[in-house]
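Throughout, numbering of the chain's residues begins at 1 and tracks the sequence.
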Amino acid sequence: MSLRKDKEKVLGEIFDEARIATFLDYPAPAGINADFHLLEKAYRGMRGENFGTFVKLFIEAGKDVNAIGPEGKSFLQVVKAHRNGEEYAVALEAAGAK
């Protein structure tokens, strides 16, 4: 992964439930389903073990775990195509994603 020069890679960041919940507060760009965007943001920003907690909070907040992205796929469908997406897919499926 290459980082911009003004970005520093953070290792060992603590992801308690309060920190994980902050991933529910990212506004989506125009034309992108807000719930899909939140799932993608969390996927890209946290480890699989934390993503399961995020999905629980996401569902509790009344969000749609089957939201459709710009390519016409659910986030589960997108993650299943990723080489390292298995742990994330398991969390989504446990929450009823299709």
Side-chain angles (χ1 to χ4, degrees):
M1 165 183 1
S2 102
L3 299 172
R4 293 186 346 217
K5 290 184 183 200
D6 64 335
K7 298 291 182 191
E8 185 177 321
K9 188 172 185 176
V10 177
L11 299 174
E13 182 178 1
I14 304 296
F15 273 80
D16 60 9
E17 194 166 302
R19 171 69 174 111
I20 292 169
T22 66
F23 280 81
L24 293 170
D25 295 329
Y26 289 105
I32 305 293
N33 179 292
D35 291 347
F36 184 91
H37 177 71
L38 292 175
L39 289 166
E40 184 174 43
K41 233 10 197 173
Y43 170 71
R44 294 182 185 278
M46 63 182 67
R47 290 187 243 165
E49 63 197 51
N50 302 123
F51 188 75
T53 301
F54 171 78
V55 171
K56 177 181 129 310
L57 296 173
F58 183 83
I59 297 292
E60 288 173 358
K63 307 291 186 186
D64 181 9
V65 75
N66 291 306
I68 302 299
E71 296 178 1
K73 296 179 181 178
S74 72
F75 195 69
L76 176 60
Q77 291 170 318
V78 171
V79 169
K80 281 188 165 188
H82 294 177
R83 181 170 40 105
N84 295 319
E86 184 178 344
E87 190 172 1
Y88 300 87
V90 167
L92 288 165
E93 287 172 331
K98 299 189 184 321

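- Closest heavy-atom contact between V79 and G85: CG1-O, 3.1 Å.
- In this structure, E86 has no side chain to side chain donor-acceptor pair (under 3.5 Å) partners at least two apart in sequence or on a different chain.
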Name the atoms and distances for all side-chain donor-acceptor pairs under 3.5 Å in residues 57-68, with sequence neighbours left out.
{"residue": "D64", "atom": "OD1", "partner": "N66", "partner atom": "N", "Å": "2.8"}
{"residue": "N66", "atom": "OD1", "partner": "K98", "partner atom": "N", "Å": "2.6"}

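- Using a 4.5 Å heavy-atom threshold, the side chains of L92 and L39 count as touching.
- Here E71 pairs with nothing under the salt bridge (Lys or Arg N to Asp or Glu O under 4.0 Å) rule; sequence neighbours left out.
- Screening F23, Y88, F15 for a side-chain contact (heavy atoms from CB on, under 4.5 Å) with F51, the sole residue that qualifies is Y88.
- For R44, the side chain to side chain donor-acceptor pair (under 3.5 Å) test picks out E40, with sequence neighbours left out.
- Judged as a side chain to side chain donor-acceptor pair (under 3.5 Å), and not counting sequence neighbours, K73 has no contacts.
- In terms of hydrophobic clustering, with Ile, Leu, Val, Met, Phe, Trp and Tyr side chains grouped at heavy-atom distances under 4.5 Å, Y26 and Y43 are assigned to a common cluster.
- Considering only residues two or more places apart in sequence or on other chains, F36 meets the ring-ring contact (aromatic ring centres under 6.0 Å, His included) condition with F75.
- Other residues, nucleotides and ligands place no more than 12 heavy atoms under 6.0 Å from the NZ atom of K80.
- Taking both residues in full, the closest heavy atoms of A28 and A34 are given as CB-CA, 3.7 Å, listed atom of the first, atom of the second, then distance.
- Once rounded to the nearest 0.5 Å, the distance linking CG of N50 with CD of E17 reads 11.0 Å.
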